[in-house]
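Structure record follows, encoded as structure tokens.
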Amino acid sequence: MTEPFYVTTPIYYVNDKPHIGHAYSTVAADVLARYARLRGRPTRFLTGTDEHGQKIEEKATSLGEAPQAFVDRMSPPFEEAFRELDCSFDDYIRTTEKRHEEKVQELWRILEEKGDIYLGEYEGWYSVADEAFITEHDLEQLDEATRKQVKRVKEESYFFRLSAYQEKLLAFYEANPTFVQPEGRFNEVKSFVKAGLRDLSISRTSFRWGVPVPGNDAHVMYVWLDALTNYISALGGPAKEGEAPLFDRFWPPGADVVHIVGKDILRFHAIYWPAFLLSAGIEPPGQVWAHGWLTINGEKMSKRLGNFIPPGPLVEAFGADVVRYYLMREVGFGQDGDFAHANVLARYNGELANGLGNLLNRMVASIVKRSLGGVVPEPGPEEEIDRELVATAERCAKQAAAHLDAVAPHRALDATWELVSAANRYVDRTEPWALAKDEAKKERLARVAYSVLEALRWLSVMIAPFMPKKADALRTQLGLEALSPSEGEDRWPASWGGLPAGTKTAPGTPLFPRIDKKDEKAILEKLGVGAEGVVAEGDGAGDEGAKKDAAGKKAKSKKKGDAGKKGASADGDGYLAFDDFLKVDLRVGLVKEAEAIEKSDKLIRLQVDLGEEKPRQVLAGIREHYAPEELVGKRVVVVANLKPRKIFGHESQGMVLAASDDAHGLSVLGMEKDIDPGTKVS
RNA sequence: GGGCCCAUAGCUCAAUUGGUUAGAGCCGCCGGCUCAUAACCGGCUCGUUGCUGGUUCGAGUCCAGCUGGGCCUACCA
């Protein structure tokens, strides 16, 4: 495959410091880039930072800094973090760079020439946090922190005629059935487009920190038009013919482009971006890959929890390669996953140290060193078992490549470790230590050792996209040069026997020294992970290590437990255990306020005093039977430990009990006496 | 409310698109080996494939309904 390959990460908004989520996207892109280079493809890998927008302007101002000074300070830590993780980006673009701003303006002019930009007026709510205009309805859904940053605005705005692209986009999707991955996300995109597209406001007058609109300095560009353009501005395009070699080479047609994005920004990449490009007469990218979210030890990353993990300390504790390996191995690409420290350690010891590291060590530092003078032997005749190992290696290498081609890094590692395991098995079966004791079996020993060394050589290439340093360290021990991919040369292992006999091996320290219990504790403490996050042993305690798992399992096992009980009840039981009943926290509630939810026929929003600090907001679908006024002052029974849930955009923190039949309609459960709010019902 | 996706062993996931007895890794238990990083290898336990029906010679896979979960979206398909 020689088609040029261009892979990008999102450009990261410099409002935050780099965390493991940023690392994840960038490492994934890096794995693809390194793999493409190994295959000899011309490869371009871009990452960078997004630096414009109102949020940046306000934050800088609040710190008494100029926006430019602020972003100049905030951007480098991202670049450093990615370098620490050995991400091999060819370019690092910042949207405040001149080369970018010029290209954005150029794109604007093209869209304008095509008649897809017009000046209009926007009136409505604007969310500073989201840098977007929002509807009345959106407003109600926002959390408190965000809502504080919402402003009523009425301003002149330029619009992009997105509405004109609905059919064109759908046709484009039809013609490019793998444009968005995973497939489920593509369906979401399609149904969003089918629902109808409104013209997109693409300029602002309310702040200054952005790329000025050509010909109208009162406006700066909408941050997404600005940001998305980075993918081509970094290639020097769009440009006149012959003027931008990178663009000509790495943008379609003729090049394969993959945008790696988080699922949160999929819409911008899968709808707005191709629409802009279609308007400009530029071919859209080949694929937008939306990956999932990482939780940390089962918990959502959030500012509130303050559990953003910066990659630095992890790299320090485990090394970049191990962090990369874990991120790519643990999480099915495209799915949500969990970064659990205990699992890092489990995979490290189980797969890296015991699996691959030990294979290398037992062969190079022991058998070859002691019995073969530390030199790759001239292999003797091949036997059936040797041929089997070759066949396995060929199959695994092929599969790993296919999985990487399909952007399934976790599966590629799966296939790779199948070879690790086969090689360990081969060593056990052929017993080179026994062969070494018998002079007559020297030739056989040579073949066995050679087979394993060659398998290790293959592995050194197969792990290289994921663990570049370890790949080279492995090769060093085999007496081989570091990998140095070059365009047009496919280095992916395909033919057996490439390791030259006579090569001097260089046994060194174990590739992945085992981390024992004591070290584990020290590492986790240093990383500030609580002891409960430690346990890697699978005696059930390990489950608690990952809290999400614990929660998930709880729900799951409960479900199963219930099913089991139902099974039992089929025998005529049918009773609820008293303990189970106690799980339901029923409380007396006093209705303080009640108001109908406008857009709903059924829902009433209640503020119910449960004897807590603040009344709870509870939604009840009883409007057909009660007017809001008649509920105020009533005592009701509330299920107080129901999981909060959003209904119609309003959070409901409980449930009001009621019963209904055809004859009487619906009746809310009340109290005959004025029991204090908050009293437990039992 | 509408839509999309999902549900397989204690955990993480497979199952060649409807085809033999539903597999692998981790964990656990037992055994073997000893070159190796308390590593490695072998074996074993655990499944009504969420539930109920249907189509079929044959269903984890297709269809309908239900339950549970995730996501998208909003009075609109």
Side-chain angles (χ1 to χ4, degrees), chain A residues 135 137-138 140-141 182-196 263-264 266-267 290 292-293 329-332 334-338 340 343 346-371 410-411 413-414 417-418 420-437 445 448-449 452 507 509-517 535-543 545-546 549-553 555-560 562-563 566-567 597-603 621 643 647-649:
Chain A
T135 64
H137 191 78
D138 290 333
E140 291 171 10
Q141 302 216 12
E183 212 182 324
R185 295 281 156 199
F186 203 1
N187 291 337
E188 284 169 11
V189 167
K190 286 176 191 165
S191 60
F192 186 88
V193 174
K194 280 181 194 154
K263 62 184 185 184
D264 55 324
L266 177 61
R267 193 189 303 171
W293 285 127
R329 180 73 186 85
E330 175 82 3
V331 182
Q335 292 179 292
D336 289 343
D338 187 39
N343 290 351
R347 288 204 183 271
Y348 179 88
N349 279 334
E351 294 164 7
L352 298 178
N354 297 351
L356 178 59
N358 184 52
L359 175 68
L360 172 71
N361 204 55
R362 68 196 300 206
M363 187 50 57
V364 171
S366 178
I367 292 163
V368 173
K369 184 180 174 189
R370 279 195 226 168
S371 310
H410 58 298
R411 294 207 177 180
L413 285 170
D414 228 359
W417 252 257
E418 199 183 324
V420 171
S421 174
N424 267 317
R425 213 161 30 239
Y426 174 87
V427 174
D428 269 62
R429 300 244 164 96
T430 52
E431 303 190 328
W433 55 91
L435 299 173
K437 285 175 189 155
L445 173 65
V448 165
V452 178
T509 51
L511 200 56
F512 301 102
R514 219 183 134 74
I515 298 173
D516 66 25
K517 282 272 171 299
V535 200
E537 297 301 316
D539 53 14
D543 295 351
D549 276 345
K553 277 172 205 160
K556 211 171 177 182
S557 60
K558 197 177 156 200
K559 198 168 73 191
K560 293 207 168 160
D562 287 348
K566 263 178 212 151
I597 287 179
E598 276 177 39
K599 290 167 189 165
S600 162
D601 300 332
K602 291 183 184 172
L603 289 175
K643 190 174 172 183
I647 306 171
F648 261 62

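Values below: all heavy atoms of this structure, side chains included; hydrogens, waters and symmetry mates excluded. Residue numbering restarts at 1 for every chain, and letters A, B, ... go by the order of the sequence lines.
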Conformer about C1'-N of B:U17 - syn within 90° of 0, anti elsewhere: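 You should classify B:U17 as syn.
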In whole Å, measure the gap between the [atom1] atoms of [N] and [M] for me.
N: B:A9; M: B:A77; atom1: P; value: 40 Å
N: B:C71; M: B:G54; atom1: P; value: 35 Å
N: B:U61; M: B:U48; atom1: P; value: 15 Å
N: B:C62; M: B:U49; atom1: P; value: 16 Å
N: B:G32; M: B:A59; atom1: C1'; value: 41 Å
N: B:C72; M: B:C29; atom1: P; value: 42 Å
N: B:A15; M: B:G31; atom1: P; value: 36 Å
N: B:U21; M: B:G25; atom1: P; value: 22 Å

Which part of the nucleic acid does [X] contact within heavy-atom distance under 4.0 Å: base, sugar-phosphate only, or nothing?
X: A:Leu511; result: base
X: A:Asn358; result: base
X: A:Arg185; result: sugar-phosphate
X: A:Pro432; result: nothing
X: A:Asn361; result: base
X: A:Phe192; result: sugar-phosphate
X: A:Lys369; result: nothing

Results of side-chain contact (heavy atoms from CB on, under 4.5 Å) for A:Ser371 - residues two or more places apart only: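 Only A:Ala436, A:Leu445 meet the side-chain contact (heavy atoms from CB on, under 4.5 Å) criterion with A:Ser371.
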Non-neighbouring partners of A:Ala365 that pass side-chain contact (heavy atoms from CB on, under 4.5 Å), sequence neighbours left out: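 For A:Ala365, the residues satisfying side-chain contact (heavy atoms from CB on, under 4.5 Å) (neighbours in sequence not counted) are A:Asn361, A:Pro507.
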Length of the [atom1]-[atom2] vector between [X] and [N], whole Å:
X: A:Asn424; N: B:U37; atom1: CG; atom2: C1'; result: 12 Å
X: A:Arg347; N: B:C11; atom1: CZ; atom2: C1'; result: 11 Å
X: A:Met363; N: B:U34; atom1: CE; atom2: P; result: 15 Å
X: A:Arg329; N: B:C26; atom1: CZ; atom2: C1'; result: 10 Å
X: A:Leu360; N: B:C40; atom1: CG; atom2: C1'; result: 15 Å
X: A:Glu330; N: B:G25; atom1: CD; atom2: P; result: 17 Å
X: A:Asn343; N: B:C11; atom1: CG; atom2: P; result: 14 Å
X: A:Lys194; N: B:C4; atom1: NZ; atom2: P; result: 10 Å

I need the [X] [atom1] to [Y] [atom2] distance, nearest 0.5 Å.
X: A:Gln335; Y: A:His410; atom1: CD; atom2: NE2; value: 6.5 Å
X: A:Asn424; Y: A:Arg362; atom1: CG; atom2: CZ; value: 5.0 Å
X: A:Leu359; Y: A:Ser421; atom1: CG; atom2: OG; value: 10.0 Å

Residues in ring pair (Phe, Tyr, Trp, His ring centres under 6.0 Å) contact with A:Phe186, at least two apart in sequence or another chain: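 Only A:Tyr173 meet the ring pair (Phe, Tyr, Trp, His ring centres under 6.0 Å) criterion with A:Phe186.
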With A:Trp433 via ring pair (Phe, Tyr, Trp, His ring centres under 6.0 Å) - residues at least two apart: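 Residues passing ring pair (Phe, Tyr, Trp, His ring centres under 6.0 Å) with A:Trp433: none at all.
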Side chain of [X], heavy atoms from C-beta onward: which of [options] has the nearest atom to it?
X: A:Asp428; options: B:A77, B:U37, B:C40; value: B:C40
X: A:Arg425; options: B:A36, B:U37, B:G42; value: B:G42
X: A:Trp433; options: B:A36, B:U34, B:A77; value: B:U34

Got a sec, which residues hit salt bridge (charged side-chain N to carboxylate O under 4.0 Å, His left out) with [X], two or more places apart in sequence or on another chain?
X: A:Lys190; value: none
X: A:Arg329; value: A:Glu351, A:Asp414
X: A:Glu330; value: A:Arg347

RNA chain B base-pair string [pairs: Watson-Crick or G-U under 3.5 Å; |: paired with another strand]: (((((((..((((.....[...)))).(((((.......))))).....(((((..]....))))))))))))....
Comparing A:Asn354 and A:Ala365 on RNA chain B - which has the more 5′ nearest nucleotide: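 Final value for this comparison: A:Ala365.
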Residue met sooner reading RNA chain B from 5', once A:Ile515 and A:Gly332 are mapped to nucleotides: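 Looking at RNA chain B, the more 5' nearest nucleotide goes with A:Gly332.
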Heavy-atom neighbours of A:Lys263 NZ exceed 12 at 6.0 Å: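 Yes, the 6.0 Å shell around NZ holds more than 12 heavy atoms from other groups.
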Under-4.0 Å side-chain N/O to phosphate OP1/OP2 contact, A:Arg514 with B:A39: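 Yes, because at least one side-chain N or O of A:Arg514 sits under 4.0 Å from OP1 or OP2 of B:A39.
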Under-4.0 Å side-chain N/O to phosphate OP1/OP2 contact, A:Arg362 with B:U34: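 For B:U34, neither OP1 nor OP2 has a side-chain N or O of A:Arg362 closer than 4.0 Å.
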Close side-chain approach of A:Asn358 to A:Arg514, heavy-atom, < 4.5 Å: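 Not in contact.
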Show me the protein contacts with nucleotides 14-17 of chain B, counting only N or O atoms at under 3.5 Å.
from  : atom 1 : to       : atom 2 : distance (Å)
B:A14 : OP1    : A:Arg411 : NH2    : 3.2

